[in-house]
Colleague: 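If you scroll down you'll find the structure; I have some questions about it.
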Amino acid sequence: MRAMLIANPKATSTSRTARDVLVRAFSGDLDLAVAETGHRGHATELARQATVEGYDVVVALGGDGTVNEAVNGLLAEGPSPKVPALAVLPCGSANVFARALGLPNDPVAAIRTVLSALRAGRHRTVGLGTASLPDGTDRYFTFCAGVGLDAEVVREVERRRLAGARADPSLYVRTAVRHFYAGTDRRRPALTVEVPGRPDQSGLFLAFVSNTSPWTFLGPLPVNPSPKANFTGGLEVFGVRSLGTMPVLGTVGRMLTARTHPVRGRHVTNVHDASQVTLRAERPIAFQLDGDYLGEQESITFRSVPKAIRIVI
């Protein structure tokens, strides 16, 4: 079986030693080619190359950003039985996609699960989401997209990481609190959610579009505004109508305890099992996909793509 290991040497918790351990573990079972990413978008290029060259499996060793890039490379020409299966070895700060699949949050522990699945020929086909921009750009996402405050926080965290900060949960919390009080616009809601066949919902400050649950993790704790989101259904949307301190604290508390029912209340809104959702903004607003900041947009259309990719699990 031919496999390409795409490794991000800069992922939060990985190292060359860990990568070499993984290579030795895989080499007895696979005809393995190893490629390290050198710049943003490189994992997409490598995964696309693996598809063209007929590899059986692509193994993504990195965080959610590396996985997202690999997925977009594998599906550059759309879902197909000829697309290599994807195996994920989590080495990032949150590893939401891997953990949502049930993998251990550690690359060495995850390798046992992945090797066992490879030897047994086990795969799981999961649905994904796509985000379409007005310029014609389409991009797949594995677990979530965000527009508004959370994307602004992702942008600020990326800036701090470039300055040398470590991307642990405390960095996200500190950045979110600072930006909530001193950065984001808490007075002028800009977002409207449009779903075909349903009434528009306007007056939102931020919105999450989820392809699975949880939305993210705060260390070991799942943050779960849309617990019904899963890889076999449509998209879930969670929006916030107030950025007052007390409503937000109440909403965050419910997100940390929600397990089966969506977070509800007069300051939030939900959309369940949608095949298509458009988020439209009155002004350019921050946008992130799978934890990767992608600039400011005024309109984004999200679609559910059932049975999009095979995962080794």
Side-chain angles (χ1 to χ4, degrees), residues 1-11 14-16 18-92 95 97-98 101 103 107-108 110-131 136-143 211 231 289-290 292 305-313:
M1 183 181 296
R2 295 177 68 217
M4 178 183 287
L5 172 63
I6 299 175
N8 178 5
K10 296 182 180 180
T14 192
S15 67
R16 183 169 295 276
R19 191 210 70 172
D20 291 343
V21 169
L22 296 168
V23 168
R24 288 196 297 272
F26 273 124
S27 60
D29 294 83
L30 302 172
D31 177 8
L32 187 67
V34 178
E36 285 194 346
T37 58
H39 56 265
R40 189 166 185 166
H42 198 187
T44 297
E45 299 166 12
L46 292 168
R48 187 167 189 168
Q49 174 188 337
T51 303
V52 171
E53 296 181 2
Y55 278 79
D56 301 297
V57 179
V58 165
V59 183
L61 171 61
D64 287 309
T66 302
V67 173
N68 178 277
E69 288 191 8
V71 165
N72 278 277
L74 290 170
L75 299 178
E77 303 300 325
S80 165
K82 296 181 180 180
V83 170
L86 175 67
V88 179
L89 299 175
C91 285
N95 305 310
F97 182 60
L101 289 168
L103 284 167
V108 177
I111 196 172
R112 301 187 186 97
T113 301
V114 171
L115 275 176
S116 174
L118 282 169
R119 288 166 178 162
R122 291 196 305 270
H123 302 89
R124 176 184 177 187
T125 302
V126 303
L128 300 174
T130 61
T137 301
D138 291 311
R139 182 159 171 174
Y140 288 91
F141 63 98
T142 62
F143 62 93
N211 183 55
F231 291 122
L289 212 62
D290 282 351
D292 188 11
V305 185
K307 299 181 179 180
I309 193 167
R310 292 178 299 135
I311 306 295
V312 178
I313 190 81

Colleague: When you look at Ile6 and Thr37, which way does the side-chain contact (heavy atoms from CB on, under 4.5 Å) test go after all the steps?
Modeller: CA-CA 7 Å; Ile6 299 175; Thr37 58; 3.7 Å; yes

Colleague: Holding to side chain to side chain donor-acceptor pair (under 3.5 Å), I want the full list of residues that pass it with Glu36, two or more places apart in sequence or in another chain.
Modeller: Arg16, Arg19

Colleague: Return each pair, listed once, that meets side-chain hydrogen bond (donor to acceptor under 3.5 Å, both in side chains) where at least one residue sits in residues 70-80; pairs must be two or more places apart or across chains.
Modeller: Arg48-Glu77, Asn68-Asn72

Colleague: Return the minimal non-hydrogen interatomic distance between Gly62 and Asn8, and the atom names on each side.
Modeller: CA-CB, 4.4 Å

Colleague: Does any part of the side chain of Thr51, heavy atoms only, come nearer than 4.5 Å to the side chain of Pro84, both counted from C-beta?
Modeller: yes

Colleague: Please name the pair of heavy atoms, one in Pro90 and one in Val88, separated by the smallest distance, quoted to 0.1 Å.
Modeller: CD-O, 3.8 Å

Colleague: By the ring-ring contact (aromatic ring centres under 6.0 Å, His included) test, which pairs, at least two apart or in different chains, include something from residues 40-87?
Modeller: His39-His42

Colleague: Name all residues meeting the side chain to side chain contact (heavy atoms under 4.5 Å, CB included) criterion together with Arg122; count only those two or more places apart in sequence or in a different chain, and write none if there are none.
Modeller: Ser116, Ala117, Ala120

Colleague: Sequence neighbours excluded, which residues qualify as side chain to side chain contact (heavy atoms under 4.5 Å, CB included) partners of Asp56?
Modeller: Met1, Arg2

Colleague: Does any non-hydrogen side-chain atom of Leu128 lie less than 4.5 Å from one of Leu75?
Modeller: yes

Colleague: So, using ring pair (Phe, Tyr, Trp, His ring centres under 6.0 Å) as the criterion, who are the partners of Phe97 when residues are at least two apart?
Modeller: Phe231

Colleague: Who are the side chain to side chain contact (heavy atoms under 4.5 Å, CB included) partners of Ala87, not counting sequence neighbours?
Modeller: Val57, Val59, Val114, Val312

Colleague: What verdict does the side-chain contact (heavy atoms from CB on, under 4.5 Å) test give for Leu101 and Val126, after you've listed the backbone C-alpha separation in whole Å, the side-chain angles of each residue and the deciding distance to 0.1 Å?
Modeller: CA-CA 10 Å; Leu101 289 168; Val126 303; 4.3 Å; yes

Colleague: For Ala308 and Val305, work out which heavy atoms get closest and say how close.
Modeller: CB-O, 3.6 Å

Colleague: Would you sort out whether Asn211 and Thr142 count as a side-chain contact (heavy atoms from CB on, under 4.5 Å), showing the intermediate values?
Modeller: CA-CA 7 Å; Asn211 183 55; Thr142 62; 5.5 Å; no

Colleague: Using side chain to side chain donor-acceptor pair (under 3.5 Å) as the criterion, list what pairs up with Thr125, not counting sequence neighbours.
Modeller: none

Colleague: Quick test of your reading: applying salt bridge (Lys or Arg N to Asp or Glu O under 4.0 Å), list the pairs with at least one residue in residues 110-120, sequence neighbours left out, ordered by first then second residue.
Modeller: Asp29-Arg119

Colleague: Listed by chain and number, what are the side chain to side chain contact (heavy atoms under 4.5 Å, CB included) partners of Arg40, not counting sequence neighbours?
Modeller: Glu69, Glu158, Asp292, Leu294

Colleague: Checking Arg310 now: which residues fulfil salt bridge (charged side-chain N to carboxylate O under 4.0 Å, His left out) with it, not counting sequence neighbours?
Modeller: none

Colleague: List the atom of Val83, the atom of Gly78, and the distance in Å for their closest heavy-atom pair.
Modeller: CG2-O, 3.9 Å

Colleague: For Pro107 and Leu61, work out which heavy atoms get closest and say how close.
Modeller: CB-CD1, 4.2 Å

Colleague: Take Asp290 and Val67, measure what side-chain contact (heavy atoms from CB on, under 4.5 Å) needs, and give me the verdict at the end.
Modeller: CA-CA 9 Å; Asp290 282 351; Val67 173; over 6 Å; no

